*Asks:* 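Here it is: the structure, laid out below.
When reading the values below, keep in mind they use all heavy atoms of this one structure, side chains included, and skip hydrogens, waters and symmetry mates. Computed from a predicted structure; not experimentally measured. Each chain gets a letter, A, B and so on, in the order its sequence line appears, and its residues count up from 1.
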Number of protein chains: 2
Amino acid sequence: MESMNLNDLLRNGNLKSTRHRIAILKILKESKLPLSAEDIFIRLRKDNVVISLSTVYRVLEILHDKEIVVRVSIPDDSRAVYELCGNEHHHHLLCIKCRKILPVEGCPLEEYEKLLEDRFGFTVKGHSLEVYGYCESCAGIK
Amino acid sequence: MESMNLNDLLRNGNLKSTRHRIAILKILKESKLPLSAEDIFIRLRKDNVVISLSTVYRVLEILHDKEIVVRVSIPDDSRAVYELCGNEHHHHLLCIKCRKILPVEGCPLEEYEKLLEDRFGFTVKGHSLEVYGYCESCAGIK
DNA sequence: ATACGTGCAAACAATTTGCACTAAG
DNA sequence: CTTAGTGCAAATTGTTTGCACGTAT
């Protein structure tokens with residue numbers, strides 16, 4: 001699973017392996033930050049991949065359905081952004097001022113999820129957690 | 001602050017106290033779940049409050065600017081939903097199947113936020129945390 | 001009296017869809 | 001060959017805005 005290449009990822013979800021899908025997965029794999037459909041579209045163009053924006057949306061949707069990518073929602077931003085699930089679990093610090101996104105490895109929620117399962121009989125499948133505030137450089141200025 | 005009534009809340013943010021704003025705050029105060037602009041619009045209609053949807057949006061935006069309400073974003077839902085800040089800090093369990101939202105009091109993140117401040121020099125102002133999975137009734141069926 | 005609030009219709013941005021064509025298995 | 005993928009343009013959804021009028025302070 002960890003060592004799975006991009007083709008396998010697609011086959012594993014019963015998805016045909018196409019040039020476009022591979023290119024999108026490659027971009028997501030190489031990005032340290034979550035990307036929006038349009039971010040990806042622009043990067044594809046730079047790589048001379050001719051594609052339509054709606055295809056990017058369709059691919060992201062299907063990858064999301066197959067749980068190959070996660071959709072992340074950034075507070076006060078109307079665009080959805082996406083990350084490869086393979087890139088291991090982490091969260092983000094969002095600077096309110098400069099809008100920078102800082103990935104933070106690890107997750108403080110394992111215990112909490114167990115507690116929710118015990119206390120509410122809720123079967124946790126995942127969570128979304130984004131922390132916002134002022135990054136180091138903006139903290140002084142505010 | 002806790003005992004503040006709706007008029008005071010508005011005045012406190014230098015906002016004029018109008019019939020519409022009071023009505024919106026009242027609905028938010030009485031709701032145990034976060035509501036979208038349209039949810040609020042519909043409830044207002046039921047209460048025979050004649051208002052335009054754009055006013056609802058404008059009021060929510062300004063209440064959000066003044067930090068009188070929080071905007072909550074539900075994974076895989078494109079609509080923004082809102083809650084009164086007064087209703088104390090809590091999180092939500094979202095059922096993937098029946099789409100029910102279950103509020104959960106308390107917050108597991110105090111320590112984590114301190115750690116972020118120490119380790120990254122990041123000044124935390126808030127966070128958004130939603131946990132999704134299957135609620136007790138849906139867990140069996142999946 | 002003045003600045004702020006509101007309705008309405010029109011504009012917008014992000015995303016989705018229908019349909020004819022193309023390519024992967 | 002058959003099913004699934006794609007481009008394009010048009011449609012939809014959620015939200016925002018301009019402007020003329022109304023209302024709280």
*Asks:* Within this structure, what is the CG-to-C1' distance between B:L53 and C:dA10, rounded to whole angstrom?
*Replies:* 14 Å
*Asks:* Identify whether any heavy atom of B:A80 sits under 4.0 Å from a base atom; if not, whether one sits that close to sugar-phosphate; answer base, sugar-phosphate or nothing.
*Replies:* sugar-phosphate
*Asks:* Assuming nearest nucleotide by heavy-atom distance, tell me which of B:E38 and A:V56 is located more 5' along DNA chain D.
*Replies:*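 Looking at the nearest nucleotide for each, A:V56 comes out on the 5' side.
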*Asks:* Indicate yes or no for a side-chain donor-acceptor contact from B:N5 to the backbone of B:N7 under 3.5 Å, with no hydrogens or angles considered.
*Replies:* yes
*Asks:* Where the side chain of A:K16 is concerned, which of D:dT3, C:dA14, C:dG7 is the nearest nucleotide?
*Replies:* D:dT3
*Asks:* Pairs of donor and acceptor atoms involving the side chains of residues 61-70 of chain A, under 3.5 Å and at least two apart or interchain, shall be tabulated with distances.
*Replies:*
residue, atom, partner, partner atom, Å
A:H64, ND1, A:R71, NH2, 3.3
A:K66, NZ, A:G13, O, 3.2

*Asks:* Indicate, with a heavy-atom threshold strictly under 4.0 Å, whether B:R11 touches base, sugar-phosphate, or nothing.
*Replies:*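 Result for B:R11 = sugar-phosphate.
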*Asks:* Are any of B:R79's side-chain N or O atoms less than 4.0 Å away from OP1 or OP2 of D:dT13?
*Replies:* no
*Asks:* A:N12 side chain to A:L9 main-chain N or O, any donor-acceptor pair under 3.5 Å?
*Replies:* no
*Asks:* Does a side-chain N or O of B:T18 approach OP1 or OP2 of D:dA24 to a distance below 4.0 Å, or not?
*Replies:*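 For D:dA24, neither OP1 nor OP2 has a side-chain N or O of B:T18 closer than 4.0 Å.
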*Asks:* What is the distance, rounded to the nearest whole Å, between atom NE2 of B:H64 and atom C1' of D:dT15?
*Replies:*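 Answer to the nearest Å: 14 Å.
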*Asks:* Tell me what B:V50 touches on the nucleic acid: a base, only sugar-phosphate, or nothing, going by heavy atoms under 4.0 Å.
*Replies:* sugar-phosphate
*Asks:* Examine the side chains of B:E83 and B:H90 and answer whether a donor and an acceptor come within less than 3.5 Å of each other.
*Replies:* yes
*Asks:* Nearest whole Å is fine: how far is C:dA14 C1' from A:I42 CD1?
*Replies:*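 One finds 14 Å between C1' of C:dA14 and CD1 of A:I42, rounded.
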*Asks:* Nearest whole angstrom, please: distance from the P of D:dT6 to the CD1 of A:I22.
*Replies:*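 Answer to the nearest Å: 11 Å.
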*Asks:* Given axes from five pairs at either end, by how many degrees does the helix from C:dA1-D:dT25 to C:dG25-D:dC1 bend, rounded to 10°?
*Replies:* 40°
*Asks:* From the list C:dG7, C:dT6, D:dG14, which nucleotide is the closest neighbour of the side chain of B:S52?
*Replies:*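 The nucleotide sitting nearest to the side chain is C:dG7.
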*Asks:* Reckon B:S17 touches a base, only the sugar-phosphate, or nothing at all at heavy-atom distances under 4.0 Å?
*Replies:* sugar-phosphate
*Asks:* Can you establish whether the number of heavy atoms outside B:E117 located under 6.0 Å from its atom CD is more than 12?
*Replies:*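 For B:E117, atom CD is crowded (more than 12 foreign heavy atoms under 6.0 Å).
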*Asks:* For C:dT6 and B:R21 - does any side-chain N or O of the residue sit under 4.0 Å from the phosphate oxygens OP1/OP2?
*Replies:*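 For C:dT6, OP1/OP2 do have a side-chain N/O of B:R21 under 4.0 Å.
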*Asks:* Starting at atom CG of B:D39, determine the distance to atom P of D:dT15, rounded to an integer number of angstrom.
*Replies:*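 Value for this atom pair: 10 Å.
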*Asks:* Strictly by modelled atom types, are A:H127 and B:H91 linked by a side-chain donor-acceptor pair under 3.5 Å?
*Replies:* no
*Asks:* Output the rounded distance in Å from CG (B:L60) to P (C:dT6).
*Replies:*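 That distance rounds to 12 Å.
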*Asks:* As a test of reading the structure: which of D:dT17, C:dG5, D:dT15 is closest to the side chain of B:L15, going by heavy atoms?
*Replies:*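 Nucleotide nearest to B:L15's side chain: C:dG5.
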*Asks:* Which listed nucleotide (D:dT6, C:dG7, C:dG5) is nearest to the side chain of B:I51?
*Replies:* C:dG7
*Asks:* Check the distance between C:dG5's P and B:E61's CD and give it to me in whole angstrom.
*Replies:*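 Going from CD in B:E61 over to P in C:dG5 covers 12 Å.
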*Asks:* Examine the base of C:dG18 for any acceptor or donor lying under 3.5 Å from a partner atom in the side chain of A:R58, and report the outcome as yes or no.
*Replies:* yes
*Asks:* Can you see if the side chain of B:H20 gets near the phosphate of C:dG7 - specifically, an N or O under 4.0 Å from OP1 or OP2?
*Replies:*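 Yes, within the criterion.
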*Asks:* Over how many whole Å does the gap from A:L44 atom CG to D:dT6 atom C1' extend?
*Replies:*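 Rounding to the nearest Å, CG of A:L44 and C1' of D:dT6 are 14 Å apart.
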*Asks:* Give the nucleotide from the list C:dT15, D:dT17, D:dT6 with an atom nearest to the side chain of A:Y57.
*Replies:* C:dT15
*Asks:* Side chains of B:E130 and B:H92: any donor to acceptor distance under 3.5 Å?
*Replies:*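 Their side chains do contain a donor-acceptor pair, which is all the 3.5 Å distance test asks for.
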*Asks:* At what distance, to the nearest 0.5 angstrom, does CG of A:L60 lie from CG of A:L35?
*Replies:*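 These two atoms lie 9.5 Å from each other.
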